Amino acid sequence: MFSVIPLKPTKIFYKPKSLFFSAVIASVFYSVVVTKLGLYKYYETAINYVPRTEIPEFGSNLNRLAINGLYIVLTVIYTIWLLQALNKSSISEPRQNNFKTILKIGLPFLLIALVTYPFSRDIYLYLHYGLMALKGINPYLVTVNTFNSGLNPLHNWISEEITTAYGPVGIMIFMPASTLLNISPVLGVYAFKVLCLLCHIGNTYFIWRLLRTSQNCQILTFAYLVNPLILIEHVSDAHIDVFISLSLIAFIGFLYKKSYIFAILAALVGFLIKTLPLLCIPLAVCFLLGKRRFIDILLSLILSLIIIAGFSVTILPTPETWLSFISPDLGGVANSIHHFLDILLIYVPVVSSSSRIAIITNLSLITTLGFLVYYAWQCLRLWFNPSVTERDVVLSFAWSIFALILFARAWVMPWYITNLLCITVLCFDASLFVLTTLTYSLTIRFIFTEGAGRGLLSLVTTLSRLLPSMYVLSFGHARSEQLMGKLLGNEIVDS
């Protein structure tokens with residue numbers, strides 16, 4: 001779901017048109033297969049009330065094979081193009097830097113992603129919560145299954161006895177598309193997808209603005225615009241993470257411009273969409289403490305408290321309502337070290353079910369504590385190291401989130417990593433981080449299967465999603481710099 005830019009109007013893109021048309025053809029076929037499955041799932045579950053299954057009609061495995069094969073083709077073409085384009089741009093610096101040109105050439109693939117019907121069920125939950133809010137029902141006080149939106153059979157949650165896991169700004173984002181549910185749920189789905197597409201284009205534009213002085217500006221901007229995982233998760237499946245990425249890009253932009261108050265407020269707004277951007281704030285505060293920017297901290301605190309107070313007297317009146325989305329209890333394991341061990345223990349006869357649950361629970365506790373120690377170290381480093389810069393704040397956040405996804409969280413989905421890809425392109429000289437995040441993002445969907453499955457296929461899938469990035473991570477900074485230098489034909493300096 002991406003393209004390779006022809007040689008016009010600049011000479012920094014990979015030339016062969018065969019790659020371009022191969023990507024177009026693969027994208028169209030991918031769209032057809034996924035749309036067929038997504039609509040099948042919708043009509044069979046919501047209209048015909050057939051008991052939901054994670055992947056319908058996979059008896060012959062032809063659909064799985066088609067999705068896997070097409071995604072691998074797209075990823076391989078994307079990787080070839082990216083390496084070739086970066087290598088060429090290191091030889092001759094582009095003179096033109098036009099966002100409209102980038103958008104124009106990527107437009108066919110954006111449209112393919114837009115028309116692709118979502119395979120993920122998350123979008124139905126977004127619309128469900130949006131309709132609850134439109135009806136005046138507080139989704140932080142009323143559980144998801146109490147309200148009937150007509151989409152209830154489609155919810156893809158482990159437990160329906162929960163309140164919303166999304167922040168109040170996220171609920172506001174859901175509401176406009178939810179107004180169309182009375183006309184047609186499919187119309188509501190596509191209305192939300194249009195909003196996600198516009199946000200993705202906006203994210204790409206802001207990245208282009210931040211990279212304008214970079215030699216690789218056009219390449220990296222286009223690489224973000226048409227990244228196969230981002231297009232699938234942010235546009236095709238319309239995950240809310242596209243808006244989280246917007247808040248992170250805003251945080252980085254304001255931070256680089258030394259508008260620290262706005263940077264913290266951008267992170268706060270992101271947190272009020274979904275939890276992840278909250279981790280930006282302690283890092284930024286520690287950085288400001290080290291720089292003795294006490295006025296910025298005080299003003300940020302006052303403005304943040306005003307915003308929090310506004311929600312506290314309206315939609316979030318109790319500590320429990322805040323905790324419902326700050327720390328949602330999803331339960332289960334998926335695509336993680338915990339998931340791998342859980343499946344492995346199933347095939348160990350001497351380990352009972354209760355013992356297996358206890359082992360996974362203790363492992364989760366250990367990995368969470370390990371992450372907290374690592375995160376605390378990052379905060380202290382920003383506070384007490386006088387030589388740190390705004391870029392160090394961004395990379396501290398990025399490494400913290402990557403450590404959380406790869407090692408600490410028991411429940412991980414492919415779209416989580418997409419929030420870090422904006423940092424990957426904005427800090428492209430951070431060799432180790434770039435290589436590990438790109439490796440993780442390009443391999444996490446290589447095998448298409450149920451995320452929380454318990455079979456041998458899920459065991460192999462989990463390993464295929466963990467081992468490549470762990471291997472690249474083992475390179476360390478020095479070796480990753482050398483590798484990036486060889487890949488790009490020049491020297492990359494990582495700080």
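Numbers here simply count residues along the sequence, with the first being 1. Since the model is a prediction, treat every value here as computed from it, not as a measurement.
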Nearest 0.5 angstrom please: Leu268 CG to Ile273 CD1, how far? 10.5 Å
Test item: Ser178 side-chain N/O and Leu127 main-chain N/O as donor-acceptor pair under 3.5 Å: yes
Kindly say whether Thr321 contributes a backbone atom to a donor-acceptor pair with the side chain of Thr318 at under 3.5 angstrom? yes
Both conditions, 6.0 Å and 45 degrees, for the charged tip of Arg381 above the ring of Trp383: are they met here? no
Which atom of Tyr71 lies closest to which atom of Ser441, heavy atoms considered: OH-O, 3.6 Å
Could you check if a side-chain atom of Asn203 sits within less than 4.5 angstrom of a side-chain atom of Cys422, using non-hydrogen atoms only? no
Going by the rule side-chain contact (heavy atoms from CB on, under 4.5 Å), which residues pair with Met172 if we only count those two or more places apart in sequence or in a different chain? Phe311
Compare all side-chain heavy atoms of Leu229 with those of Trp415 and state whether any distance is below 4.5 angstrom. no
For Thr368 and Ala408, work out which heavy atoms get closest and say how close. OG1-O, 4.4 Å
Nearest 0.5 angstrom please: Leu195 CG to Ile173 CD1, how far? 7.0 Å
Which residues pass the side-chain contact (heavy atoms from CB on, under 4.5 Å) test with Leu483, sequence neighbours left out? Leu435, Phe475, Leu487
Only pairs at least two apart or in different chains count here, so list each salt bridge (charged side-chain N to carboxylate O under 4.0 Å, His left out) that has a residue in residues 432-443. none
Taking the side chain from Ser120 and the backbone from Ala238, do they hold a donor-acceptor pair closer than 3.5 Å? no
Would you mind listing every salt bridge (charged side-chain N to carboxylate O under 4.0 Å, His left out) that reaches into residues 332-344, with sequence neighbours excluded? Asp342-Arg356, Asp342-Arg454
Can you tell me if His128 uses its side chain to pair, donor with acceptor, with the backbone of Val144 under 3.5 Å? yes
So, using side-chain hydrogen bond (donor to acceptor under 3.5 Å, both in side chains) as the criterion, who are the partners of Thr367 when residues are at least two apart? His338
Under the salt bridge (Lys or Arg N to Asp or Glu O under 4.0 Å) test, residues paired with Lys258 that sit two or more places apart: Glu390
Centroid-centroid under 6.0 Å between Phe251 and Tyr256 rings: no
Decide if the gap between the ring center of Tyr224 and the ring center of His200 is smaller than 6.0 angstrom. yes
Donor-acceptor pair, Lys193 side chain versus Val235 backbone, under 3.5 Å? yes
Spacing of Leu114 atom CG and Leu107 atom CG [to the nearest 0.5 Å]: 10.0 Å
For residues Ser387 and Asn385, is any side-chain donor paired with an opposing acceptor at under 3.5 Å? yes
Could I get the full list of side-chain hydrogen bond (donor to acceptor under 3.5 Å, both in side chains) partners for Tyr205, not counting sequence neighbours? Arg209
Crowded around Phe262 CZ? As in, over 12 foreign heavy atoms under 6.0 Å? no
Audit row: Thr424, Thr437, side chain to side chain donor-acceptor pair (under 3.5 Å) steps and yes/no: CA-CA 7 Å; Thr424 301; Thr437 52; 2.9 Å; yes
Leu131 to Ser149 - nearest heavy-atom pair and separation: CD2-CB, 3.7 Å
Could you tell me whether a side-chain N or O of Thr221 sits under 3.5 Å from a main-chain N or O of Gln218, the two making a donor and an acceptor? no
Under 4.5 Å between any side-chain heavy atoms of Val434 and Cys427, yes or no? no
Taking atom CD1 of Ile261 and atom CZ of Phe254, what is their separation to the nearest 0.5 Å? 11.5 Å
So which pairs with a foot in residues 285-295 pass side chain to side chain donor-acceptor pair (under 3.5 Å), sequence neighbours left out? Arg293-Asp296
For Gly310, is there any backbone N or O sitting under 3.5 Å from a side-chain donor or acceptor partner on Thr314? yes
Give the intermediate values and the outcome of ring-ring contact (aromatic ring centres under 6.0 Å, His included) for residues Tyr126 and Tyr166. CA-CA 9 Å; Tyr126 302 161; Tyr166 305 103; 5.3 Å; yes
I'd like to know if the side chain of Ser336 and the backbone of Ala410 have a donor-acceptor N/O pair within less than 3.5 Å. yes
Using ring centroids (six-membered ring only for Trp), state whether Phe222 and Trp81 fall under 6.0 Å. yes
One should read off an interatomic distance between Ile264 CD1 and Leu301 CG, to the nearest 0.5 angstrom, of 9.0 Å
Per side chain to side chain contact (heavy atoms under 4.5 Å, CB included), Leu382 is matched among Val285, Leu289, Val393 by Val393
Go through the structure and list residues passing side-chain hydrogen bond (donor to acceptor under 3.5 Å, both in side chains) with Ser304, not counting sequence neighbours. none
Begin from the C-alpha positions of Tyr129 and Tyr140 and carry the test ring-ring contact (aromatic ring centres under 6.0 Å, His included) through to its verdict. CA-CA 10 Å; Tyr129 284 132; Tyr140 301 97; 8.1 Å; no
Check whether any side-chain heavy atom of Asn419 sits under 4.5 Å from a side-chain heavy atom of Ile401, and report yes or no. no
Side-chain contact, heavy-atom cut-off 4.5 Å: Val269 with Ile307? no
Just to verify, which of Ile252, Leu421, Val425 counts as forming a side chain to side chain contact (heavy atoms under 4.5 Å, CB included) with Ile207? Val425
Worked verdict on Phe407 versus Phe402 for side-chain contact (heavy atoms from CB on, under 4.5 Å): CA-CA 8 Å; Phe407 298 110; Phe402 189 72; 5.8 Å; no
Show, in sequence, the C-alpha distance, side-chain angles and deciding distance for Thr418 and His234, and conclude whether the side chain to side chain donor-acceptor pair (under 3.5 Å) test is met. CA-CA 8 Å; Thr418 60; His234 286 187; 2.9 Å; yes
Beyond-backbone contact of Asp122 with Ile240, side-chain heavy atoms, under 4.5 angstrom: no
Tyr374: which residues meet the side-chain hydrogen bond (donor to acceptor under 3.5 Å, both in side chains) condition with it, sequence neighbours left out? Gln378
Does any non-hydrogen side-chain atom of Phe325 lie less than 4.5 Å from one of Phe271? yes
When rounded to the nearest 0.5 angstrom, what is the spacing between CG in Asn335 and CG in Leu463? 11.5 Å
Between Thr146 (side chain) and Val142 (backbone), is there a donor-acceptor pair under 3.5 Å? no
Restricting to pairs with a member in residues 217-237, which pass salt bridge (charged side-chain N to carboxylate O under 4.0 Å, His left out), not counting sequence neighbours? Glu233-Arg445, Asp237-Arg445
Partner set under salt bridge (Lys or Arg N to Asp or Glu O under 4.0 Å) for Asp241, not counting sequence neighbours: none
Is a side-chain N or O of Asn227 found less than 3.5 angstrom from the main chain of Ile230, in a donor-acceptor match? yes
